[in-house]
Amino acid sequence: MIPGGFFIMSVSPKLLITAGTLAFCALTIFTIKVFFLNFPVLPEPDSELWLIDCRIRFTGNRSNADISLDLPSETNGFYLSGTSMTPGFQFQQKEAEGRILPSWYGNPGEGSQNIRYQVRLVPESVLTHTKNELELSAVPYSSEQEKAASDLLKTLDPEGKLEEDRLILKIMAALTKRDLPSAQILMRKSKNESGIAEQTVYLLARKGIAARSAEGIFLSDSRRKQNPAVLLEVKIKEKNRLFDPGTLKEIAAKTFLPLGYDNEPLLKTSGVNNANLSFSVLKSTISAANLNRLRGNLIRHSFLLDISGFNLPLEEQSVFKHLSLFPLAILVIVLIRNIIGLQTMGTFMPVLLALAFQETGLKAGIPAFFLIMACGLAARSFLSKLNLLMVPRISAVVIIVIMLMRFFSILAQMLGISEGDTLTYFPLIIIAWTIERASMVWDEDGAGTAMRQLAVSLLASLPCWFLITNQTLQYFFFSFPEINLFILAVILLIGVYTGYRLTELKRFHILAEK
Amino acid sequence: MILSFLKNYAPPALLKKNGVLSMNSRNHDYIMKYNQRRYFPSVDDKLLTKELAEKAGVPSAELIGAIRRTHEADSFDEMTRSSADGFVIKPGHGSGGRGILVIRKRESESFIKNDGTVLKHEEIRRTILNILSGLYSLGGQTDYALIEKRIDFSKIFEPFSFQGIPDVRIIVFRGYPAMAMMRLATRRSDGRANLHQGAVGVGLSIRSGYPLNAVQFNRPVTRHPDTGAMLADLRIPFWREHLLLAARCADIIKLGYFGADIVIDKVRGPLLLELNARPGLAIQLANHAGLKTRLQKIESLPSPEALSAEERISLVRDLW
């Protein structure tokens with residue numbers, strides 16, 4: 001039953017453009033946040049958050065120390081966000097070309113020392129995710145090494161038909177064992193894992209395979225104190241795969257966090273001895289809203305996040321969390337009044353009532369509301385016998401309401417009813433005005449009308465209460481405040497709805513005959 | 001059960017077909033479009049309305065005086081000393097008949113209300129103070145009290161009304177009378193002429209002023225619930241004057257859409273009681289006809305400035 005007559009609107013182009021623009025902006029921002037910045041639409045109770053403790057150990061030698069780390073600002077689908085946990089040094093953090101460069105400067109004196117730097121890994125969004133392109137490495141071989149390389153490859157893969165991954169594992173095994181003379185020549189300079197990785201890169205480059213060595217850490221919970229590992233990253237069939245020269249196994253890309261490539265040092269020091277970098281990895285959980293806040297801090301330059309409020313101090317954020325559902329409740333009021341056509345006592349009284357119920361809960365709130373209204377109306381009817389002018393009369397009602405609230409709270413406490421203090425949450429002035437209006441309607445149109453209007457107001461406050469106490473909606477509206485623009489657009493359109501209200505269908509139903 | 005529930009609701013398409021004006025449409029398409037806010041005071045302020053009406057030769061109840069300050073509240077006594085046939089105290093910015101006190105007769109220091117209740121000086125003073133404090137005014141702003149001679153209403157409507165003055169409400173759009181009804185007070189409405197309080201609304205033919213249909217609480221009635229009079233027997237004298245008076249108001253107040261409330265004085269004939277910039281929609285139920293059809297028809301008629309009030313009413317009397 002949706003006849004055309006019900007949806008008559010006389011929409012001017014100006015209004016249509018305004019509402020359309022608002023709705024378009026809302027949906028655009030929303031889409032960007034959901035699909036490109038990876039804001040979860042629904043609150044996820046526990047998002048994963050990796051915490052990495054970087055520990056730099058060193059021995060001071062009484063001279064001024066200059067210690068710095070060179071970390072990527074994003075890698076493997078994460079943003080890195082670091083904080084120094086070490087006082088006593090001049091700490092500085094630069095960001096350049098996708099790297100974070102925290103540095104400590106100061107005189108540590110003598111003896112063994114620690115610097116701690118904590119990194120949070122914030123799951124990255126799609127928009128800014130850049131894939132590192134692997135390129136074919138240049139090979140700086142002498143003629144002796146050149147010959148050894150071709151010998152080794154010929155020995156390991158005489159027919160040239162081995163699959164890339166098999167070949168890589170074979171090369172690394174040969175370079176590790178060094179029982180072939182060619183392998184010995186290639187591994188003459190450095191015999192550790194980064195040496196193996198480096199030589200494998202060169203050998204693969206000769207076969208036309210792009211590869212590089214990647215230094216980083218393993219992401220698995222509670223791996224305390226790991227030193228950075230060097231892996232081999234190879235591009236095979238358009239996919240980057242990781243191989244560990246230490247264990248001679250392929251490593252799943254998700255479990256490794258590359259921090260630097262091609263033997264660029266992660267740690268640079270001067271003025272200290274025996275510097276050593278180790279990491280502890282810890283998996284923790286974080287609420288979706290907090291995760292969004294972290295994301296907001298990281299991409300501060302993105303205005304979308306500035307206006308979503310995650311950069312506000314926590315205290316103000318909690319204020320806005322309460323306010324964030326107001327527009328939705330107001331929309332409900334607009335619907336109730338202009339589409340359904342119910343008259344409430346005071347336009348926004350139901351919203352304020354719902355706000356009070358949010359604090360008190362319905363079970364305690366509704367009886368408390370009736371109690372205070374009944375007593376207030378009784379007081380008001382007594383006052384009307386005193387022939388007071390309006391302003392003093394309303395003021396008297398306000399004072400009586402205050403005293404009633406106090407009285408009932410104390411009484412409830414004495415009787416051991418814990419809900420007694422809920423009364424204090426009712427907005428005083430609103431209650432006083434409601435009492436005034438109710439008593440006027442009572443005088444003018446009778447008790448029935450007054451009670452009906454009060455009941456309608458109470459009824460209208462229930463959907464509002466349901467909406468503003470809904471955790472999911474609260475998260476949604478706080479994370480996507482742009483939806484308010486959409487609500488605004490809807491309200492603008494309702495503003496020109498000239499069709500029948502639901503109550504008018506009943507009121508005028510005899511006019512439908514003919 | 002759902003079906004019987006739905007039976008009480010009209011399909012909106014049918015209402016639209018019958019040209020029923022909705023509240024949203026009244027506000028948006030007529031009041032907002034044709035009534036500029038700055039002209040509202042000319043109808044919301046009853047003294048101003050009276051002055052404007054007087055200038056245009058539209059008769060209204062005789063003014064006794066106005067009380068604007070609390071300390072002048074007692075002066076009503078002095079003002080009304082010579083008004084032995086009674087007087088009316090009403091808020092200057094009141095609406096819906098609220099706060100109106102009708103004194104039928106004054107006998108030295110006692111004031112007799114319409115229903116026979118005797119009031120003392122102090123009680124009338126309290127009414128005035130309530131008016132001044134803004135109790136009955138729109139938005140609660142401070143107000144003044146208007147004192148007028150009581151209209152000595154014609155006895156011809158006596159069988160049709162339970163106390164109260166029956167009045168004729170005419171909706172005027174662009175200077176043309178669009179729809180009319182008579183409002184009859186009942187016991188349920190406590191002697192007041194407001195339809196939502198239970199007064200009987202009788203739809204009147206624009207052409208003849210004859211009754212067409214009647215409702216109380218949105219339901220059809222044929223007799224007055226208290227006096228038992230057949231509503232079909234209702235005849236309005238001076239019908240043309242009623243229409244003329246209403247149409248003339250459009251020339252003085254610059255509102256495109258309003259309701260004019262008219263009463264008949266025994267001696268002076270039809271008098272303007274008050275104007276309303278937001279007339280209610282119940283008139284459609286009283287007439288058993290949609291208002292929107294008529295308003296749309298009137299929108300196609302010539303501009304009201306081009307025609308005199310006489311020409312305008314003769315135009316619409318042929319339409320409906």
Side-chain angles (χ1 to χ4, degrees), chain A residues 1-12 15 334 337-343 346 384-395 433 436-437 439-441 443-446 448-449 452-453 493-514, chain B residues 5-30 32-33 70 96-99 122-123 125-127 129-130 132-137 140 142 188 190 192 194 196-198 213 215 218-220 281-282 284-285 287-292:
Chain A
M1 191 187 88
I2 302 174
F6 199 59
F7 290 102
I8 333 158
M9 292 193 186
S10 33
V11 188
S12 69
L15 176 70
V334 173
R337 290 180 68 103
N338 275 44
I339 304 290
I340 298 178
L342 292 174
Q343 287 301 314
S384 74
K385 289 201 181 93
L386 298 181
N387 302 329
L388 302 177
L389 291 176
M390 186 189 65
V391 175
R393 189 179 58 227
I394 291 182
S395 311
W433 265 110
E436 178 67 21
R437 291 181 81 122
S439 77
M440 271 176 63
V441 175
D443 286 348
E444 298 283 333
D445 299 325
T449 315
R452 201 177 57 234
Q453 281 199 21
L493 286 177
I494 294 175
V496 293
Y497 168 70
T498 58
Y500 300 104
R501 298 173 182 174
L502 198 61
T503 50
E504 286 177 330
L505 298 182
K506 186 171 184 211
R507 183 186 180 193
F508 294 131
H509 84 275
I510 54 168
L511 295 182
E513 309 149 9
K514 226 178 203 177
Chain B
F5 175 78
L6 277 179
K7 236 171 58 187
N8 292 325
Y9 287 81
L14 255 180
L15 290 184
K16 197 195 174 196
K17 193 173 136 256
N18 290 341
V20 177
L21 182 66
S22 71
M23 186 63 85
N24 287 341
S25 176
R26 182 202 76 172
N27 293 342
H28 188 269
D29 300 331
Y30 298 98
M32 275 168 59
K33 201 165 156 191
T70 315
R98 296 195 299 156
E122 187 47 39
E123 288 163 291
R125 188 183 118 89
R126 194 221 315 165
T127 305
L129 291 178
N130 268 336
L132 296 187
S133 72
L135 183 56
Y136 307 108
S137 71
T142 53
R188 279 292 294 276
D190 199 18
R192 279 183 275 200
N194 288 329
H196 78 273
Q197 286 171 330
N213 180 63
V215 289
N218 299 351
R219 275 185 293 275
L281 300 173
Q284 302 181 101
L285 290 163
N287 275 270
H288 201 85
L291 186 53
K292 192 153 189 167

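In what follows, every chain begins at residue 1, and chains take the letters A, B, ... in the order their sequences are listed.
B:Asn18 contributes a side-chain N or O that, together with a main-chain N or O of A:Leu511, makes up a donor-acceptor pair within less than 3.5 Å. A donor-acceptor pair is defined here as one N or O able to donate and one able to accept, closer than 3.5 Å; no such pair exists between the side chain of B:Ser25 and the backbone of A:Gly499. Checked by atom type and distance alone, the side chain of B:Asn24 pairs as donor or acceptor with a backbone atom of A:Asn338 at under 3.5 Å.
Residues B:Leu285 and A:Ile510 meet the side-chain proximity criterion, which asks for heavy atoms closer than 4.5 Å. Two residues are said to be in side-chain contact when any heavy atoms from C-beta on lie closer than 4.5 Å; A:Tyr500 and B:Lys16 meet this criterion. Between A:His509 and B:Leu15, the closest side-chain pair of non-hydrogen atoms is not below 4.5 Å. A:Arg507 places a side-chain heavy atom less than 4.5 Å from the side chain of B:Leu281.
Residue contact with chain A, scored on non-hydrogen atoms closer than 4.5 Å, involves the side chain of B:Asn27 exclusively.
Heavy atoms of other residues, nucleotides or ligands lying less than 6.0 angstrom from CZ of A:Arg337 number more than 12.
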Evaluation steps, side-chain contact (heavy atoms from CB on, under 4.5 Å), between B:Gln284 and A:Phe508: CA-CA 8 Å; B:Gln284 302 181 101; A:Phe508 294 131; 3.5 Å; yes

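Contact record, B:Met23 with A:Glu504: N-OE2, 2.6 Å, taken as the closest heavy-atom pair. Of all heavy-atom pairs spanning A:Thr498 and B:Ser22, the tightest one is O-OG, 2.8 Å.
We find the OH-OG1 distance between B:Tyr9 and A:Thr503 to be 8.0 Å, quoted to the nearest 0.5 Å.
The candidate with the highest count of non-hydrogen atom pairs below 4.5 Å against chain A, out of B:Val20, B:Leu129, B:Asn218, is B:Val20.
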